[in-house]
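Please read the structure below before turning to the comments.
Given the structure is predicted, the values throughout are model-derived calculations rather than measurements. Computed from heavy atoms alone, side chains included, the values below leave out hydrogens, waters and symmetry copies. Here is how names work: the chains are called A, B, and so on, in the same order as the sequence lines, proteins then strands, and each is numbered from 1.
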Amino acid sequence: MAVAEATPPGRDFIRDIVQADLDAKRHTTVVTRFPPEPNGYLHIGHAKSICLNFGIAEEFGGRCHLRFDDTNPTKEEQEYIDAIERDVRWLGFDWGKHLFHASDYFERLYQWAEDLIRAGKAYVDDQSQDAMRASRGTLTEPGRNSPYRERAVAENLDLFRRMRAGEFPNGARVLRAKIDMASGNINLRDPVLYRILHANHPRTGTQWSIYPSYDYAHGQSDAIEGITHSICTLEFEDHRPLYDWFLDNIAVPSRPHQYEFARLNLTYTILSKRVLTELVRGGHVGGWDDPRMPTLAGLRRRGVPAEALRDFIRRIGVAKANSVVDMAMFDHAVREVLNKSARRRMAVLRPLKIVIENYPEGQSEELEAINHPDDPSAGTRKIRFGRELYVERDDFMENPPKKFYRLSPGKEVRLRYAYFVTCREVIKDGAGEAVELRCTYDPATRGGNAPDGRKVQATLHWVSAEHSVASEVRLYNPLFMSPSPDAANFATDINPNALEVLADARVEPALAQGGNSPEAVQFERQGYFCLDPDSKPGKLVFNRTVGLRDTWAKVSGAKGA
RNA sequence: UGGGGAAUAGUUCAACGGUAGAACAGCGGACUCUGACUCCGUUAAUCUAGGUUCGAAUCCUAGUUCCCCAGCCA
């Protein structure tokens, strides 16, 4: 069961159908299923399907099954099975005892295939794959009947049993449904029900040497489980007549119906298992859980809360029109959740040293900082102030443009929770790069307010040079440079700056306490971050989940940091 | 040129013969010890052409554009 959503679930055409079926008493309970093939990791596109299927079951008081569509042992692995279960749970859904596999039904599917043969509705075809392709016809021309199409029932039965017994090599024969080689719908041109595959199946081992096709297995599996609404993506729309054909020609225990919706697409993102697999295998990313990946594992490691993902899915709705959702929509959903929950901390990503000349050497003091501006119960913490500090390099400009509110020579700003400071002098290296600022502070502004009421334009985050902790910070940008990347040429579109490693960041000591808790934090004025599992006791690694909205970056035309 | 789908603000989704609305993005402003958050305001759409109707995004006709299908993948 998912945690309660802050906002009610949306309405969509599928929920309307479910409601109508319930109203018309066509069903008493709703049963849906999420049917992943364990040949890769789940991604954000699957999250849409998961939220739809589990969400509907929950809202209408029904149930949702997790069913592995494991009909192709040449592509499926146990690692993926485990990852899928982990990811669905993390997303916030529970299938209870309703965990199934298409392979649970192999024997029944096989018997039904024999039934079809006996009824003269299926036959064993000896044609080569090429010959079959050639006789299938084209989009505009009908196909031709196989020379084996009128084989006697007894011979079909014998050959099919021998296929099962493993007497023939891979590809030697297939079992096909006898439907209509002239159909305008190519799925109905005598589709393959079984192919010979001498392969080791993650669950059934070498017990089988023939495996059912997706089309043959899916609807019947639905029927066995009593699925009422079998929800899938648009590309299966023209498989529906075949889905129905099997259910109409086999003595199935229930009669499910298939409905199709448009899959999710996101700007700057490719959601194709083939491409994601290649990204991993080709070493373009660190793994399936690389935070640059749109996988649930990657998003989780990046720090995206499951709640934000669910909320995002709810916002984008469900329809039948192909669409591409703006990544900004996703970022917004993430920020919305994190803004409410994340504790505030200070961290300097690209440090620039400042020395407070009128602050006593060898001295430091504690100041109080609040942990969450909108949640007093989050409490406060102490932060250390001293003579030598770090501020963000981007917060200083020697020759600032008009609207630059931050530090520049002669300018006074506030250091958050601390004092007003004024930049007096810029120390540069040989290349003319500022390496240190000499500043003064006003002791009367302790805590951040001036008794004389004078204002400053900016408040900067900072850390103590002595007390802060050196850390690594990893910033993430879109994996692809193009807003609509082409899956066929993805390699040339990979963004070389998708991962930016900041090796010399300095974070306030509070971030080094509390061990490796994955809790999300906000680095003030920067974004939301979480601890990466690469962190070690002496070396913390933070991932930027998403940056804060940055109006200044837009105004200044700076590239997104 | 066969079969199956889809077209509404920049984007995603509503409106189910009766005032075209929301969210995100954008723009302007208020507030602010985060150029964040929050709040206020605002720009902006029915693929085209006919028809039916008192009234059409919705129904009809004809077009246009886009997506999917010729795996022994799912």
Side-chain angles (χ1 to χ4, degrees), chain A residues 10-13 16 35-37 39 69 71-72 74-75 125 127-129 132-134 136-143 170-176 182-189 191-197 210-211 213-215 217-218 232-241 260 262 264 267 273-274 312 315-333 335-336 339-340 344 346 369-370 373-374 403-406 414-418 420 447-449 455-461 522-527 547-556:
Chain A
R11 269 309 190 179
D12 53 69
F13 76 99
D16 288 345
E37 183 191 13
N39 67 342
D69 223 325
T71 56
N72 187 349
T74 64
K75 295 191 173 173
D125 195 338
Q127 288 186 105
S128 70
Q129 204 164 155
M132 233 201 264
R133 184 168 25 244
R136 188 158 22 234
T138 68
L139 293 179
T140 53
E141 302 157 28
N170 286 357
R173 292 178 228 266
V174 293
L175 183 73
R176 300 177 77 176
S183 174
N185 182 344
I186 291 177
N187 295 119
L188 263 20
R189 317 238 265 229
V192 169
L193 274 50
Y194 275 91
R195 70 278 212 199
I196 298 170
L197 245 33
I210 55 173
Y211 289 91
S213 62
Y214 163 85
D215 285 308
H218 205 94
C232 62
T233 43
L234 251 30
E235 67 269 28
F236 293 103
E237 208 154 16
D238 49 18
H239 289 239
R240 185 164 11 106
E260 311 85 13
L264 170 67
T267 55
K273 269 197 202 171
R274 195 208 98 225
F312 168 68
R315 282 164 183 274
I316 60 172
V318 179
K320 292 193 74 161
N322 299 101
S323 60
V324 183
V325 176
D326 193 332
M327 186 59 96
M329 192 95 85
F330 176 73
D331 289 346
H332 177 267
R335 287 193 193 105
E336 190 179 61
N339 177 49
K340 277 182 282 188
R344 311 287 128 123
M346 291 204 283
I370 60 176
D374 307 319
K403 305 278 269 191
F404 187 81
Y405 300 153
R406 288 110 96 147
R414 172 169 37 232
L415 295 182
R416 190 144 161 89
Y417 300 123
F420 285 12
N449 289 300
K455 303 288 184 200
V456 288
Q457 278 186 300
T459 300
L460 308 187
H461 62 278
Q522 182 194 97
F523 289 177
E524 296 217 37
R525 303 209 305 133
Q526 310 263 19
L548 253 30
R549 271 189 81 212
D550 189 351
T551 308
W552 167 245
K554 262 190 308 206
V555 172
S556 66

Residue matched to G71(B) through Watson-Crick or wobble contacts both under 3.5 angstrom: none
From U11(B), C69(B), A36(B), nucleotide with atom closest to M329(A) side chain: U11(B)
Rounded distance in Å - CG (D374(A)) to P (C37(B)): 11 Å
Distance-minimising heavy-atom pair for R414(A) and N449(A): NH1-OD1, 4.1 Å
Sole residue of R525(A), R416(A), E524(A), R344(A) in side-chain hydrogen bond (donor to acceptor under 3.5 Å, both in side chains) with H461(A): R525(A)
Protein-nucleotide distance (Y211(A), atom OH; C72(B), atom C1'), rounded to Å: 14 Å
Rounded distance in Å - CG (N449(A)) to P (U32(B)): 12 Å
Whole-Å P distance, U43(B) and G4(B): 44 Å
G26(B) versus G10(B) - spacing of their P atoms, nearest Å: 15 Å
Touch class at under 4.0 angstrom, heavy-atom based, for H239(A) against every strand present: base
Nucleotide forming a Watson-Crick or wobble pair with G28(B), both distances under 3.5 Å: C40(B)
Partner nucleotide of G63(B) by Watson-Crick or wobble geometry (both distances under 3.5 Å): C47(B)
D12(A) versus V318(A), closest heavy-atom pair with distance: CB-O, 3.6 Å
C73(B) OP1/OP2 closer than 4.0 Å to side-chain N/O of T71(A): no
Side-chain N,O (R11(A)) to OP1/OP2 (C16(B)) below 4.0 Å: no
Side-chain-base donor-acceptor pair under 3.5 Å for D550(A) and G35(B): no
Per-pair stack call W552(A) and G35(B), 5.5 Å, 30°: yes
Nucleotide of G35(B), A74(B), C73(B) approaching R406(A) most closely (side-chain heavy atoms): G35(B)
Separation between the P atoms of A57(B) and G18(B), rounded to whole Å: 10 Å
For A56(B), the Watson-Crick or wobble partner whose two distances fall under 3.5 Å: none
Nearest-nucleotide 5' precedence on RNA chain B, R335(A) against G317(A): G317(A)
U34(B) phosphate, OP1 or OP2, under 4.0 Å from H461(A) side-chain N/O: no
Between U38(B) and C60(B) - P atom distance, rounded Å: 44 Å
S183(A) (side chain) donor-acceptor with N185(A) (main chain) under 3.5 angstrom: yes
Below 4.0 Å: OP1/OP2 of A14(B) and any side-chain N or O of R315(A): no
Side chain of R525(A) - closest among G4(B), G35(B), C24(B): G35(B)
Aromatic ring pairing F236(A)/H239(A), orientation class (parallel under 30°, perpendicular over 60°, tilted between): perpendicular
Side chain of H332(A) (C-beta onward), nearest among G2(B), C24(B), U34(B): C24(B)
Interatomic distance where CZ belongs to R189(A) and C1' belongs to C72(B) [whole Å]: 17 Å
Separation of the P atoms in A22(B) and A44(B), to the nearest angstrom: 14 Å
Atom C1', compared across U19(B) and G63(B): separation rounded to whole Å: 31 Å
Spacing between N185(A) atom CG and C69(B) atom P, to the nearest angstrom: 13 Å
Shortest non-hydrogen contact between W552(A) and F404(A), atoms and distance: CZ2-CD1, 3.4 Å
Short side-chain N/O contact to C13(B) OP1/OP2 from S323(A), under 4.0 Å: yes
Any R549(A) side-chain N or O less than 4.0 Å from OP1/OP2 of C37(B): yes
C73(B) phosphate, OP1 or OP2, under 4.0 Å from R195(A) side-chain N/O: yes
Heavy-atom pair with the smallest gap, counting every atom of L234(A) and K320(A): CD2-O, 3.2 Å
Side-chain donor/acceptor of E141(A) to base of U1(B), under 3.5 Å: no
Proximity to the side chain of T138(A) - top-ranked nucleotide from U12(B), A70(B), C13(B): A70(B)
Y405(A) OH to U34(B) P, straight-line distance once rounded to whole Å: 13 Å
Euclidean distance, atom CG of residue N322(A) to atom C1' of U65(B) [Å, nearest integer]: 13 Å
Closest heavy-atom pair and its distance - E37(A), N72(A): OE2-CB, 4.0 Å
Atom-pair distance (CZ on R176(A); C1' on G71(B)), nearest Å: 12 Å
Distance below 4.0 Å between R133(A) side-chain N/O and G71(B) OP1 or OP2: yes
Complement of A20(B), any strand, by Watson-Crick or G-U distances under 3.5 angstrom: none
Over all atoms of both residues, closest heavy-atom pair of R315(A) and A333(A): NE-CB, 4.4 Å
Chi class for G71(B): syn within 90° of 0, otherwise anti: syn
Distance test, side-chain N/O of K320(A) to OP1/OP2 of C67(B), below 4.0 Å: no
Whole-Å C1' distance, U8(B) and A20(B): 8 Å
Whole-angstrom distance between U53(B) and C69(B), as gauged at atom P: 43 Å
Residue whose nearest RNA chain B nucleotide is more 5′ - K403(A) or L234(A): L234(A)
